[in-house]
Amino acid sequence: VADDDGTLGPAIPKEDFPISRDYVYLDQAAVGLVPEPVAAIMERVTSELARGGTIVLDEYAEVMVLNPTRAAAARLIGAEPGEIAIVSSATEALNQFAWWLKPGPSTNVVVLDGDFPSVILPWLRLSEETGVEVRLVPTRAHPERATAAAIAALVDGRTAAICAGHVQYATGHRLDLGVLADVAAANDAYLVVDATQSVGAVPIDVGQTPVDMLVASSHKWLCAPHGSAFCYLARSMDDFRPPLVGWRGMLSLSDFDGRSLTFLPGARRIELGTISYAAGLALEAGIRYLQRVGLARIARHDLYLCERLAAGLTELGAHILTPTEADRRAGIVTAGFRGRDAEALVAQLRARRVIASARQGAVRFAVHVFNDRADIDHALDVLHDETT
Ligand SMILES: Cc1ncc(COP(=O)(O)O)c(C=O)c1O
């Protein structure tokens with residue numbers, strides 16, 4: 001961290017996040033604050049498209065419109081632009097994968113039962129159809145089991161896929177992607193990662209840690225608005241024939257000829273229909289905003305403030321669910337307060353302009369680029385008042 005006050009210095013001016021003058025916003029894991037320059041791009045694109053139609057976006061431009069977003073997402077995770085699709089949600093891509101793989105009755109998939117619903121639900125639905133066994137690591141009852149080792153313990157030669165959130169949305173556990181990739185490879189299983197709660201907060205390099213698919217929604221740590229997600233599909237997935245298809249995934253994208261199924265090469269073949277181009281372009285701007293600062297520097301900042309927060313919470317007698325080791329967490333710290341209802345406490349904090357969320361019976365705090373030490377200390381003071 002560059003500055004003593006725990007800020008990222010002039011790279012992240014306070015005025016880029018005006019609401020952070022009046023609130024201590026510790027909720028990036030729910031709805032991420034969008035910096036002013038990114039919000040301005042979204043508003044400009046929305047306005048220009050609404051008012052200008054094909055005068056500002058002709059058919060050729062529409063084919064290319066999300067190329068900068070694919071390139072930005074690729075840069076962010078060490079991929080090639082051809083390995084990136086821009087879709088409307090992480091959920092959409094996770095479903096595409098499950099229904100493509102369609103594992104049968106004598107196989108299993110391994111997921112964490114405390115993971116974000118969209119990571120689990122496609123497999124449960126698929127199980128109704130094919131009888132695939134869905135093996136659940138019981139992290140709801142035992143959050144400490146959100147580890148690559150606990151996942152590995154359920155994987156065997158019949159495992160078709162491991163599907164997991166890189167950082168667990170409720171408790172902030174970060175999984176070791178390198179170990180997971182090794183486990184998947186050793187068992188000839190696919191590895192699908194939902195990086196929605198990690199990418200933008202901690203660096204990811206798919207060149208170092210091979211995954212088959214990695215998805216991330218726009219509206220958390222990437223400092224972009226709702227409405228888009230990126231999906232990395234590894235080159236090793238060239239036999240991927242999307243179960244759901246649409247015009248934006250076809251080679252005929254520009255001539256609107258639907259008489260044959262000829263997919264675009266690379267990840268774009270999973271794109272379906274028109275998404276909000278304003279959201280897609282704002283995603284590019286959000287990624288660029290973070291990359292100006294550098295992901296390694298952001299990670300150090302977020303981890304440092306989380307450590308300070310966790311230490312203060314411990315002093316208050318809270319029970320911290322998130323691991324303390326820096327490589328096992330990212331931007332989330334989740335804490336339980338004995339005898340206190342998490343929803344009620346979150347409401348009390350909100351009344352005092354400290355914004356967090358209740359998840360799985362605990363209070364989830366999320367720290368990102370605009371937060372500083374004063375935010376953490378103020379939140380701890382308010383928590384002290386409200387809990388003692
Ligand atoms: C881990 C995780 N994945 C996915 C999502 C939602 O993504 P989407 O709505 O783009 O499917 C969320 C949050 O809402 C999340 O926390």
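Counting starts at 1 for both ligands and their atoms, in listed order.
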Just by distance, with hydrogens left out, do S217 and T196 show a side-chain donor and acceptor under 3.5 Å apart? no

Side chains of Y289 and E36, donor plus acceptor under 3.5 Å: no

In terms of ring plane angle, is the pair [X] and [Y] parallel, tilted or perpendicular, where the classes change at 30° and 60°?
X	Y	answer
F17	F370	tilted
F97	Y190	perpendicular
F256	W247	tilted

Just jot down the ligand 1 atoms closer than 4.0 angstrom to any heavy atom of [X], in number order.
X	result
Y169	16 (O)
D194	1 (C), 2 (C), 3 (N), 4 (C)
T91	8 (P), 11 (O)
S217	7 (O), 8 (P), 10 (O)
A90	7 (O), 8 (P), 10 (O), 11 (O)

Would you call E325-R329 a salt bridge at under 4.0 Å N-O? no

Closest non-hydrogen protein atom to atom 16 (O) of ligand 1, residue and atom name please, with distance? Q197 NE2, 2.9 Å

Nearest non-hydrogen protein atom to atom 6 (C) of ligand 1, with distance, is F116 CE2, 3.6 Å

Which is it for K220 and ligand 1 at heavy atoms under 4.0 Å: side chain, backbone, both or neither? side chain

Test of understanding: given a 4.0 Å heavy-atom threshold, classify the contact between T196 and ligand 1 as side chain, backbone, both, or neither. side chain

Could you tell me whether a side-chain N or O of R353 sits under 3.5 Å from a main-chain N or O of R350, the two making a donor and an acceptor? no

Heteroatom proximity flag, S118 to ligand 1, N/O under 3.5 Å: no

Under 3.5 Å, N or O to N or O, is A229 touching ligand 1 that way? no

Q348, CD: over 12 other non-hydrogen atoms inside 6.0 angstrom: yes

